[in-house]
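Counting begins at 1 with the first residue of the sequence.
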Amino acid sequence: MGVRVALVEDNDVFRETLELLLGLRGDIDVVASVATGQEAIEICGELEPDVVLVDYRMPGLNGAQTTAEVLRASPRSRVVCLTASISNEEKSTLIDAGAVACLTKDEDLEQIVASIHSAAGAAA
């Protein structure tokens with residue numbers, strides 16, 4: 001079994017594409033794919049994924065708020081932010097909330113996968 005990952009992304013096309021690409025790999029098991037921070041909190045409390053990939057800009061809770069709440073619901077999970085763009089201030093808020101890494105969506109898939117594995121290693 002691979003690293004158990006939950007995806008939190010409000011852009012359906014991006015989320016579904018990422019879910020498909022990660023699902024093709026033998027080293028990652030996508031256990032949840034949701035569109036909002038609120039859904040993430042509920043599903044992560046239930047499934048306790050190893051890594052939660054969180055977008056920063058979403059309706060309702062932003063990435064930092066989602067990160068803090070996900071980690072309350074699932075303390076052993078590790079959060080990696082994957083977002084289109086982020087300011088230094090937002091990144092700082094995100095790290096303070098408990099995220100272990102922050103990537104932009106234009107990173108190549110191998111870099112995203114490496115960050116997932118790195119975060120999972122920190123969770124072990």
Side-chain angles (χ1 to χ4, degrees):
M1 185 161 105
V3 176
R4 298 173 67 248
V5 175
L7 305 177
V8 186
E9 166 65 58
D10 64 312
N11 180 318
D12 293 340
V13 173
F14 186 81
R15 185 182 68 248
E16 290 165 9
T17 301
L18 190 58
E19 182 178 4
L20 177 68
L21 291 172
L22 293 175
L24 293 172
R25 302 181 59 94
D27 57 347
I28 293 180
D29 182 20
V30 178
V31 296
S33 179
V34 298
T36 69
Q38 191 58 49
E39 289 175 295
I41 296 161
E42 294 165 17
I43 203 76
C44 290
E46 194 178 306
L47 298 176
E48 297 185 346
D50 301 316
V51 178
V52 185
L53 221 50
V54 176
D55 186 15
Y56 192 86
R57 286 181 185 78
M58 299 180 289
L61 301 175
N62 69 27
Q65 294 164 322
T66 299
T67 295
E69 293 301 321
V70 160
L71 292 175
R72 269 197 265 297
S74 180
R76 287 192 294 270
S77 295
R78 293 294 172 260
V79 174
V80 173
C81 181
L82 184 63
T83 190
S85 65
I86 190 165
S87 71
N88 286 336
E89 184 179 330
E90 289 167 334
K91 192 172 191 174
S92 178
T93 303
L94 192 63
I95 299 300
D96 289 347
V100 296
C102 186
L103 305 169
T104 56
K105 291 178 180 176
D106 58 0
E107 299 276 354
D108 70 39
L109 184 64
E110 290 309 312
Q111 181 58 47
I112 294 169
V113 169
S115 292
I116 290 169
H117 281 288
S118 177

Self-check item: Working for side chain to side chain contact (heavy atoms under 4.5 Å, CB included), residues Thr36 and Leu61
Solution: CA-CA 7 Å; Thr36 69; Leu61 301 175; over 6 Å; no
Quiz item: Can you check side chain to side chain contact (heavy atoms under 4.5 Å, CB included) on Asp55 and Asn11, steps first, answer last?
Solution: CA-CA 9 Å; Asp55 186 15; Asn11 180 318; 5.9 Å; no
Exercise. Give the minimum heavy-atom separation between Gly98 and Thr67, together with the two atoms involved.
Key: C-CG2, 3.9 Å
Exercise. Using modelled atom types only, decide if a donor and an acceptor are shared between the side chain of Asp50 and the backbone of Arg4 within a distance under 3.5 Å.
Key: yes
Exercise. Flag the pair Asp10 / Pro59 as yes when at least one side-chain heavy-atom distance between them is below 4.5 Å, and no otherwise.
Key: yes
Quiz item: Within the side chain of Thr93, is there an N or O that forms a donor-acceptor pair under 3.5 Å with the backbone of Glu89?
Solution: yes
Self-check item: Approximate separation, where rounding is to 0.5 Å, of Asp108 CG and Asp106 CG
Solution: 9.5 Å
Exercise. Measure the spacing between CD1 of Ile28 and CD of Glu19 and express it to the nearest 0.5 Å.
Key: 12.0 Å
Quiz item: Does the Thr17 side chain pair with the main chain of Val13, one donor and one acceptor, at a distance under 3.5 Å?
Solution: yes
Quiz item: Among the clusters formed by ILVMFWY side chains lying less than 4.5 Å apart, do Leu7 and Leu20 turn up in the same one?
Solution: no
Self-check item: Single-linkage hydrophobic cluster Phe14~Met58, side-chain heavy atoms < 4.5 angstrom
Solution: no
Quiz prompt | Residue pair Val51 / Ala120: nearest heavy atoms and the distance that separates them | solution = CG2-N, 3.7 Å
Quiz item: How long is the span from the SG atom in Cys44 to the CD atom in Glu69, to the nearest 0.5 Å?
Solution: 11.5 Å
Quiz item: Considering only heavy atoms from C-beta outward, does the side chain of Leu18 approach that of Leu109 to under 4.5 Å?
Solution: yes
Practice problem: Quick one: pull up CD in Glu90 and SG in Cys102 and give me the separation to the nearest 0.5 Å. | Solution: 9.0 Å
Practice problem: Verify side chain to side chain contact (heavy atoms under 4.5 Å, CB included) between Ser85 and Arg57, making sure each step is shown before the conclusion. | Solution: CA-CA 9 Å; Ser85 65; Arg57 286 181 185 78; 3.7 Å; yes
Self-check item: Closest approach of Val100 to Ala119 (non-hydrogen atoms, all atoms of both residues)
Solution: CG2-CB, 3.6 Å
Self-check item: hydrophobic_cluster_shared for Val30 and Val8, side chain cutoff 4.5 Å
Solution: no
Quiz item: Does one hydrophobic cluster hold both Val52 and Val80, with members joined at side-chain heavy-atom distances below 4.5 Å?
Solution: no
Quiz item: Run the side chain to side chain contact (heavy atoms under 4.5 Å, CB included) check on Ile112 and Leu53 step by step: do they pass?
Solution: CA-CA 9 Å; Ile112 294 169; Leu53 221 50; 4.2 Å; yes
Exercise. State whether the side chain of Ser92 and the backbone N or O of Asn88 hold a donor-acceptor pair below 3.5 Å, judged by distance alone.
Key: no
Quiz prompt | Atom of Val34, atom of Glu39 and distance for their closest heavy-atom approach | solution = CB-CB, 3.7 Å
Exercise. Could you tell me which non-hydrogen atom of Ala32 sits nearest to which non-hydrogen atom of Leu47, and how far apart they are?
Key: CB-CD1, 4.0 Å
Quiz item: Arg25 versus Asp27: any side-chain heavy-atom pair under 4.5 Å?
Solution: yes
Quiz item: Can you tell me how far CD1 of Ile116 sits from CG of Leu103, rounded to the nearest 0.5 angstrom?
Solution: 8.5 Å
Self-check item: Whichever hydrophobic residues join Tyr56 through chains of side-chain contacts under 4.5 Å
Solution: Ile86, Leu94
Quiz item: Is it true that Val113 and Val5 fall in one hydrophobic cluster, defined by side-chain heavy atoms closer than 4.5 Å?
Solution: yes
Exercise. Return the minimal non-hydrogen interatomic distance between Thr104 and Leu82, and the atom names on each side.
Key: O-CD1, 3.6 Å
Practice problem: Without swapping roles, check the side chain of Ser77 against the backbone of Pro49 for a donor-acceptor pair under 3.5 Å. | Solution: yes
Exercise. Mark yes or no for whether Gln65, through its side chain, and Asn62, through its backbone, hold a donor-acceptor pair below 3.5 Å.
Key: yes
